[in-house]
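Some notes on the structure that comes next.
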Amino acid sequence: MRAAFALFALLGLAGRASGARRLWQDAGNATAAANALCTPLSIEEPVLAGMPIPPRGAGAARPSFVIILTDDQGWDDIGMHNPSYVNTPHLDAFIRQATMFDNFYVAAQCAQTRASLMTGRNHARVGVSGTNGGNDFTNVDEVTMGKFLADNGYRTGHFGKWHNSDVQGYESWNSGFHDGWNPTMQADGVSRYNGDYKVFGGPKDQAMTDLLLEFLATYGPGPEPTLAYFATNAIHVGREGSEAESSHQKKRFAPEEIRARYHNESRYAGISNDTLDAWAALEYIDGQIGRILDYVKAQPDGGANTYIMIASDNGSELRGDERDQAEKDIRMPSRMQGYKHFVYEGGIRNFLAVKGPGVAAGVVDSTPVDIIDILPTLADLAGLAPDASPHLPWEGVSFRNLLLPPSGDVSAAAVAGGSGRRGLALATDAQKDRYLFSLAPQCWDADAVPELGPDRQVLRPQPLLDYDTGGRVHAVFGKLVPGFPRPRGINGAGPGFEPCIAIRYKDYKWAGIAPSRIYQFDGESRVELACNELPEGADSSKALSVQFALAARDWFASVAAEPHSFTKPTYFLGLGGAAGKPQGRVTNMLAYGAHERTPKSIRLVSNGAKGFVNVGDRMCFKAKVVTAGKYKLSIFYTSSTAATFKLSFGPYASIADGSALSLTAVLPQQSAMSGLVMGYLNLSAPTPAGETHEACLELVELPPGASAAASAAPAGRNGPDLGVFRLFGNIRWILPRQRATAPAAAGLAPAGGGAAPASVVEERTARSVAGRAAVAVARPDGPPEAAGAAWVRRFVGKARGAAMWREFKRRGDWPDGQGVLESLYSPYSTEDIEDCEECQVKIA
């Protein structure tokens, strides 16, 4: 690590305001520069401002909560922390009237933070270890914040980004929220609301703010307390560009009048366009936050019974030349190392500000606090016992004691002289001695598919989950860390998990990536450089190294033993019912969600799968039938050759012995991603309660000569780079609208009853292949654009339908043949894949 950070120091630059570049010329200057980088620029000193909202009285109604989670807004992306450039007046004013935690930690990426926030458990425990590749699904058996509070009398609403899956059964409205709004990131104007499609006007974060305020006006303040969860899309990049563009350009969104100011004013001259877009987006989203704060304050009770918490999901995301040290110093004057994707402080240290009844204003508390602590704290503030709704044990702990001083005397909890720096004055011994664990995304890849046991559940323990030699280096994020263990191939040992674990304990930070890894922070300096590093040979350093290493090993062992950790999703078929709206009757079985695949021959990537080299190669998915009926199956892929595949469905035992329901189809070669109909399966009964069925796709025949060519294909990093599929995206299951069907299961708990035999309906008979009996040839699902345009017309009208569908196709990587969409997110345009070269695909 010392060598990696020395590189950062050697590239360090002066001239912050002008952005001028000057490379230090000798080792002596480099050392001085490294020491200078350990001293961040000074930030605004907090001033104790009393208690704006009196404590809640005895017998008061349960409080309401507003949780605001912004996207990609790091510690330095606040005006108070970067006053020369960043304009967030509403957030700054809020923090001055709140208690802020300056040792607050989140995950290194957004899906992981959101899973931890919702469950009070580390993201890895609940099945979330990445932002794509089937690793961003919070297990449906976890109890979310929405469900916990809804079960205890709260009206719950989610507005904005979700990113704990984009398929049926995992959305906010299926996870305990009464009202769930999830807009697409690809284009403004459309959102899903409780599974339906709704059209809105204006930018998405502005529209979500409108809806949140409408929710608050409808349900509070009143006898029923509320939880309003606002998860902004800003300042994450989105898709923008003219209608004629064939390639996508990702930018951070801000209205043009705001963006133009940053790009035109002289004080911003010479600064990266990406950084300017980030600051414009920050000002835009700050305006939306201000609207919410103003609304709560304007209520008759002045917000006297509402707690507001504001944080972001990870450190600052740096794009392009923002990663150059000179530009980074401008964007991140704290000089913390790393950024989003890293478990260095710049990737995981964030801000948390809380305002509400009894909470001191102008206070900075330095007790280490984690995102997993928010749900237990809400329960504590609401007077609810942790077991008020059954759930797996929370890893987080309540910090109510840091918000509401037992004596109610704010000044007694702060440093004399009017400073709001509280330090650890209110922390309990347990809070002071606590370890905070972080798990980086570099040690787990889409193709990390754990071995299954006889019960078809993840086998525990197993080599892939071994602390020392398990894991799989992430294809993209592993390349971001200097000196990170290189991939060792499919048969080699993995990187282990220690390189991806970081621990914060008291004033110390331990990072498992390299031998020199213990830092002691002083004051505002949270910089992991040599100037903060403990002497390597000192006895105290050796003792701490052993202590941290053992703590990391024990913690990961507890994570690996969790029933939901490192699992793939379950796909729910017919969740909306046969008589429901179209989007409720379609399920995208995403290829990267396979929980088993033939190693060496099939490789999962961030947005699909590659391979199928030999006859018999197979991948299997967990599935549950919620509504019985005849399902139409379409498969989306690009391929190097035609081949014959069989899709089997049912209990795994019947798939293994060949007695399961199945269909077989020839998949023609195609170079552009589009959907072809394989045929129909008649699923005549819901999956019995407590059981899970599987869908397995198997290669059963290759054209003459293709097998040898495919088998001879060179092996890639974790498996084949060739084979039948260049990229296999998903299998789409559609339950056509029916007048009468077997009873549908309620919610996500399929109805009981024995599994009944089901029939295969072939849509047409086609040519025989190599002497086999004739099988169907997969075919397009109607005219290329007609189906998509027809879908859009259902909810935006005929006049706008075709144009909006073309916009979806262009911005969202949607292929032709989409007669209906389950989600507004394309399976081929998932988050954080722009740097994944092998994930790029031509869309028909």
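A side-chain hydrogen bond (donor to acceptor under 3.5 Å, both in side chains) with S316 is found for one member of D77, T275, N350 and no other, namely D77.
In this structure a side-chain-to-backbone donor-acceptor pair under 3.5 Å is present from N164 to A111. Side-chain atoms of E322 come within 3.5 Å of backbone atoms of R319 as a donor-acceptor pair (strictly under, hydrogens ignored). Remark: the backbone N or O of N103 is not paired with any side-chain donor or acceptor of R526 at under 3.5 angstrom. Between the side chain of T587 and the main chain of F572, a donor-acceptor pair closer than 3.5 Å is present. Distance alone, capped at 3.5 Å, places no donor-acceptor pair between the R252 side chain and the A280 backbone. Counting only distance, with no hydrogens or angles, the side chain of N182 and the backbone of R192 share no donor-acceptor pair below 3.5 Å. Between the side chain of D373 and the backbone N or O of D370, at least one donor-acceptor pair lies under 3.5 Å. Between the side chain of T226 and the main chain of A228, no donor-acceptor pair closer than 3.5 Å is present. Within the 3.5 Å criterion, the main-chain N or O of S334 finds a donor-acceptor partner in the side chain of D76. Side chain of D313 to backbone of D72: a donor-acceptor contact under 3.5 angstrom is found.
Note that CE of M208 is 9.0 Å distant from NE2 of H158, once rounded to the nearest 0.5 Å. Here M100 contributes atom CE and K355 contributes atom NZ; the two are 15.5 Å apart, rounded to the nearest 0.5 Å. Note that CG of N82 and CG of L282 are 9.5 Å apart. Values are rounded to the nearest 0.5 Å. Annotation: the span from N607 atom CG to M673 atom CE amounts to 7.5 Å, rounded to 0.5 Å. For the atom pair NE2 of H90 and CD1 of I285, the computed distance is 12.0 Å after rounding to the nearest 0.5 Å. Annotation: the span from Y262 atom OH to Y85 atom OH amounts to 12.5 Å, rounded to 0.5 Å.
Side-chain atoms of L216 and Q299, non-hydrogen and from C-beta on, never get closer than 4.5 Å to each other. Within the 4.5 Å cutoff, the side chain of S606 has no heavy atoms near those of the Y592 side chain. I271 has its side chain within reach of E327: a pair of non-hydrogen atoms, C-beta onward, lies under 4.5 Å apart. Side chains of I374 and M145 form a contact here, defined as non-hydrogen atoms less than 4.5 Å apart. Residues D286 and P89 have side chains in contact (heavy-atom distance under 4.5 Å, counting atoms from C-beta outward). Side-chain contact between Y193 and L211: absent, with no pair of heavy atoms (C-beta onward) separated by less than 4.5 Å. Between F351 and I310, the closest side-chain pair of non-hydrogen atoms falls below 4.5 Å. At least one side-chain heavy atom of T131 sits under 4.5 Å from a side-chain heavy atom of Q112.
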Using the side chain to side chain contact (heavy atoms under 4.5 Å, CB included) rule, take R323 and L480 through it: C-alpha gap first, then chi angles, then the decisive distance, then the call. CA-CA 11 Å; R323 297 178 183 181; L480 295 178; 3.7 Å; yes
Kindly determine whether T306 and S64 satisfy side chain to side chain donor-acceptor pair (under 3.5 Å), including the steps that lead there. CA-CA 5 Å; T306 299; S64 290; 4.8 Å; no
Test log, rule side chain to side chain contact (heavy atoms under 4.5 Å, CB included), inputs Q109 and H163: CA-CA 11 Å; Q109 293 177 324; H163 200 175; over 6 Å; no
Take D102 and W75 through the side chain to side chain contact (heavy atoms under 4.5 Å, CB included) test and state the conclusion after the steps. CA-CA 9 Å; D102 65 349; W75 169 267; 3.6 Å; yes
If you apply the rule side chain to side chain contact (heavy atoms under 4.5 Å, CB included), what do you find for H263 with Y268, and how did you get there? CA-CA 7 Å; H263 285 271; Y268 299 115; over 6 Å; no
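The minimum heavy-atom distance between I78 and L91, with the atom names listed, is CG1-CD2, 4.1 Å. Heavy-atom minimum distance, M80 versus I43: O-CB, 3.8 Å. Nearest heavy atoms, L439 versus A124: CD2-CB, 3.8 Å. Across every non-hydrogen atom of N233 and K204, the tightest pair is ND2-CD, 3.3 Å. Here the closest heavy-atom approach between residue N139 and residue T567 is recorded as ND2-OG1, 4.1 Å. Taking every heavy atom of both residues into account, Y229 and M118 meet most closely at CE2-CE, 3.7 Å.
Using a 4.0 Å cut-off between a side-chain N of Lys or Arg and a carboxylate O of Asp or Glu, D71 and R114 qualify as a salt bridge. Here E283 pairs with R261 in a salt bridge; the nearest charged N to carboxylate O distance falls below 4.0 Å.
Using modelled atom types, one finds no donor on one side chain facing an acceptor on the other under 3.5 Å when comparing T113 with N314. For the residue pair H123 and S116, no side-chain donor N or O sits within less than 3.5 Å of a side-chain acceptor on the partner. N194 and H178 share no side-chain donor-acceptor pair at under 3.5 Å. Between the side chains of D205 and T232, no donor-acceptor pair of N or O atoms lies under 3.5 Å.
Not counting sequence neighbours, the partners of Y219 by the ring pair (Phe, Tyr, Trp, His ring centres under 6.0 Å) test are F215. Residues passing the side-chain contact (heavy atoms from CB on, under 4.5 Å) test with P569 are F137, Y170, Y571, sequence neighbours excluded. Annotation: ring pair (Phe, Tyr, Trp, His ring centres under 6.0 Å) contacts of F94 (sequence neighbours excluded): none.
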